[in-house]
Amino acid sequence: MTERPYSVWWFVAYCLLLFEPTDYFIKTTSEKARSIGILMGKDKMIKLIKNLHNASNGQEGEVYCTLFERYINLYNLEDASETYVLKCAKYLNNFDDMIINHLCEASIRYCNDCLETVGEDLKYFDDPRAVLALINPSSLFIPNPEGRNEPAIDLELNCEWEEEHGMEWVIRGDKVLYVGAYHGENPWGEFEPKDNWNYA
């Protein structure tokens, strides 16, 4: 029987229809994450972005956060392209040790300043990353790139020491620009670490 010349191309086209432009998988070695991953060859892979859909005020979905080993909310409310959304999601999952340590140390400064303000005992950590156990990430907000190609992270988090105002992390250009109470900061703004409200 003669093979139809277009059968392979029809199959490829069909497969492409099954995937969204933001479908991207990352390898995981975390036992916690492996339970929600899928098997690809010998590796267990996590879908980076899932359930991305149009909502009344933009796009909403979920993005995996390797640092906390869980999915968090993703909001694209400023009409960024799906290519840029994916770029920010990848960046969120590729922080180097310097950035992570900086985030943790700044979070501890924020924590102890809040505790000192209300007269509670300060917290001390043998390993700065132990503070992550007191933090629960909530949402990643994708900024309007405004013609830029650089990914920027605007992350809303909950923390045990400040339940009312929570915490916000802003990272851009491999630098931690803002750590402090959540104010919905502009990731493209100018940040001064010396400001008493910015613990970065």
Side-chain angles (χ1 to χ4, degrees), residues 8-30 32-34 36-100 102-103 135-157 167-179 182-191 200:
V8 174
W9 296 110
W10 277 112
F11 177 74
V12 171
Y14 173 73
C15 290
L16 289 174
L17 290 174
L18 298 179
F19 291 92
E20 299 294 332
T22 54
D23 277 352
Y24 184 86
F25 294 85
I26 57 175
K27 184 178 178 180
T28 178
T29 57
S30 162
K32 183 177 180 180
R34 286 170 70 86
I36 57 174
I38 63 173
L39 188 64
M40 287 189 174
K42 297 180 180 179
D43 298 323
K44 201 74 170 184
M45 309 294 284
I46 289 288
K47 191 173 184 180
L48 187 56
I49 297 173
K50 67 179 185 178
N51 302 327
L52 189 65
H53 62 279
N54 292 325
S56 58
N57 55 350
Q59 285 185 315
E60 298 178 3
E62 296 174 78
V63 59
Y64 189 75
C65 181
T66 300
L67 185 60
F68 293 94
E69 299 182 336
R70 70 189 72 172
Y71 281 101
I72 63 174
N73 296 321
L74 181 152
Y75 295 104
N76 176 19
L77 308 180
E78 300 190 38
D79 201 30
S81 69
E82 290 190 346
T83 299
Y84 186 73
V85 171
L86 180 58
K87 178 171 289 191
C88 291
K90 289 179 182 179
Y91 186 42
L92 175 67
N93 286 274
N94 283 284
F95 292 155
D96 61 25
D97 287 339
M98 185 174 67
I99 288 180
I100 295 172
H102 190 161
L103 288 168
I135 300 171
N136 181 28
S138 172
S139 304
L140 174 67
F141 292 90
I142 305 297
N144 186 330
E146 301 177 0
R148 302 174 180 87
N149 196 38
E150 176 185 30
I153 298 299
D154 180 13
L155 197 62
E156 180 183 11
L157 311 101
M167 183 164 61
E168 184 173 7
W169 291 348
V170 175
I171 304 100
R172 188 186 78 233
D174 292 331
K175 292 182 180 179
V176 178
L177 299 176
Y178 176 79
V179 173
Y182 183 81
H183 295 301
E185 297 288 342
N186 176 11
W188 305 118
E190 297 294 329
F191 297 91

Requested in this report: Give, for atom CG of L67 and atom CH2 of W169, the distance between the pair rounded to the nearest 0.5 Å.
Outcome: 5.5 Å
Report task. Only counting residues at least two apart or in another chain, list the ones meeting side chain to side chain contact (heavy atoms under 4.5 Å, CB included) with P137. Result -> F68, R70, I72, L157
Requested in this report: Specify the closest pair of heavy atoms between I142 and A80, including all atoms of both residues, with the distance to one decimal.
Outcome: CG2-CB, 3.9 Å
**Report entry** Side-chain donor/acceptor of H53 to backbone N/O of G61, under 3.5 Å
**Finding:** no
Query raised in the report: Can you name the nearest heavy-atom pair linking Y91 to G173, along with the distance?
Result: OH-N, 4.0 Å
Requested in this report: Working to the nearest 0.5 Å, report the span between CD of E82 and CG of L52.
Outcome: 5.5 Å
Report task. Identify the two heavy atoms, one from A200 and one from H102, that lie closest to each other, and give their separation to 0.1 Å. Result -> O-NE2, 2.6 Å
Requested in this report: Would you tell me whether N76 and Q59 have side-chain atoms, one donor and one acceptor, within less than 3.5 Å of each other?
Outcome: yes
Query raised in the report: To the nearest 0.5 Å, what is the distance between CG (N144) and OG (S81)?
Result: 9.5 Å
Query raised in the report: Atom CG in L74, atom CG in N51: separation rounded to 0.5 Å?
Result: 11.0 Å
Query - For Y75, all residues meeting ring pair (Phe, Tyr, Trp, His ring centres under 6.0 Å), sequence neighbours excluded - result: F141
Query raised in the report: With respect to I153, which candidate in I99, I171, V176 satisfies the side-chain contact (heavy atoms from CB on, under 4.5 Å) definition?
Result: I171
Query raised in the report: Any idea which heavy atoms bring D154 and V170 closest together, and the distance?
Result: OD1-CG2, 4.1 Å
**Report entry** E168 side chain vs G184 backbone, donor-acceptor pair below 3.5 Å
**Finding:** yes
Query raised in the report: In chain order, what residues pass the salt bridge (Lys or Arg N to Asp or Glu O under 4.0 Å) check against D96, with sequence neighbours excluded?
Result: none
Query - E185 side chain to Y178 backbone, donor-acceptor under 3.5 Å - result: no
Report summary line: All heavy atoms of A152 vs all of Y84, minimum pair found to be N-OH, 3.5 Å
Requested in this report: I would like to know whether M167 and V179 meet side chain to side chain contact (heavy atoms under 4.5 Å, CB included); could you show each step before the answer?
Outcome: CA-CA 7 Å; M167 183 164 61; V179 173; 4.1 Å; yes
Query raised in the report: Quick one: CG on N57 to CD on E78, what's the gap to the nearest 0.5 Å?
Result: 11.0 Å
Query raised in the report: How long is the gap from CE on M98 to CG on L103, to the nearest 0.5 Å?
Result: 10.5 Å
Report summary line: Minimal heavy-atom distance between W188 and E150, with the atoms involved, is CH2-O, 3.3 Å
Query raised in the report: Backbone N or O of L177 within a donor-acceptor pair of the R172 side chain at under 3.5 Å?
Result: no
